[in-house]
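Working notes, structure below.
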Amino acid sequence: KKQVALYTAAAAVGPGLYMYLDADDHVHRDLPRYVRGVDGAGVVITKGYEFHVGDRLYWELGDFHLYCGTCAVFRFEQNDLPKQLGDSGCYASRFRNHAEWKVLAEEAGRPLVPSRMLGALYAIANGENHSSRMGHPSRKRQIYRLLVPGRRVDAELLQAFPGLVHLTE
């Protein structure tokens with residue numbers, strides 16, 4: 001529902017770069033500059049960070065786009081956007097489940113370019129995550145966090161993701 005509203009509002013703004021951003025996630029401060037320099041239909045963040053709010057630890061997360069909705073920037077033209085609320089026939093309306101975005105764009109002949117930077121950070125254990133609220137966080141991620149020690153937030157991460165400051169104090 002939020003995405004439909006976003007893309008409908010975007011139609012009034014017009015063509016450009018659009019990113020669905022969850023309120024509890026963070027984007028790298030250089031991501032906008034990076035994305036503007038990439039040709040094509042947009043960018044998919046296939047590697048990012050997962051940050052455990054309670055433990056204040058973070059891990060690099062491969063297949064980032066499968067776990068986090070803050071994972072893609074789309075380049076939409078005017079005819080890609082809905083003409084009115086509920087318009088399900090436009091290109092933008094295809095992108096509902098973030099785990100499918102990369103494949104859907106490829107199938108449409110408009111592949112998203114994999115980001116060369118770890119461009120986003122997925123905040124978990126904050127009460128806002130869909131998978132956590134549903135009681136089924138990924139087993140693969142749980143095992144990974146048990147086997148791979150998390151890193152403490154450092155100055156470099158805070159410089160890349162300045163919004164983390166309020167979560168680490």
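Because only heavy atoms are used, hydrogens play no part in the values below, and waters and symmetry mates are left out as well, while side chains stay in.
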- Query: Under the side chain to side chain donor-acceptor pair (under 3.5 Å) test, which residues partner Thr70, sequence neighbours left out?
  - Reply: Asp25
- Of all residues at least two apart in sequence or in a different chain, which pass the side chain to side chain donor-acceptor pair (under 3.5 Å) check with Arg33? Asp30
- Item | Pair Tyr58 and Tyr49, ring centroids less than 6.0 Å apart | yes
- Item | Heavy-atom side-chain proximity of His65 to His98 below 4.5 angstrom | no
- Would you indicate whether the side-chain heavy atoms of Leu17 and Val35 approach each other to under 4.5 Å? yes
- Find out whether Trp101 and Cys71 are in side-chain contact, i.e. whether some heavy atom of one side chain is under 4.5 Å from a heavy atom of the other. yes
- Item | Non-hydrogen atoms of Ala99 and Leu66 that approach each other most closely | O-CD2, 3.5 Å
- Look up atom CG in Asp63 and atom SG in Cys68, then write down how far apart they are to the nearest 0.5 Å. 13.0 Å
- Message: To the nearest 0.5 Å, what is the distance between SG on Cys90 and NZ on Lys83?
- Response: 7.5 Å
- What distance separates Arg94 CZ from Arg110 CZ, expressed to the nearest 0.5 Å? 8.5 Å
- Item | Heavy-atom side-chain contact between Leu81 and Tyr91 under 4.5 Å | no
- Task: Go through Phe95 and Phe74 one step at a time and tell me if the ring-ring contact (aromatic ring centres under 6.0 Å, His included) criterion holds.
- Result: CA-CA 10 Å; Phe95 299 95; Phe74 298 95; 4.6 Å; yes
- Query: Does the side chain of Leu61 reach to within under 4.5 Å of the side chain of Lys47, using non-hydrogen atoms?
  - Reply: no
- Query: About how many Å separate CG of Leu31 and CG of Leu118, when rounded to the nearest 0.5 Å?
  - Reply: 11.0 Å
- Message: With a 4.5 Å cut-off on side-chain heavy atoms, are Met19 and Ile45 touching?
- Response: yes
- Taking the six-membered ring for Trp and the single ring otherwise, decide whether the centroids of Phe51 and Trp59 are under 6.0 Å apart. no
Can you give the donor-acceptor pairs under 3.5 Å from side chains of residues 148-165 to other protein atoms, not counting sequence neighbours?
from: Arg152; atom 1: NH1; to: Asp55; atom 2: O; distance (Å): 3.0
from: Asp154; atom 1: OD1; to: Glu156; atom 2: N; distance (Å): 3.4
from: Asp154; atom 1: OD1; to: Leu157; atom 2: N; distance (Å): 2.9

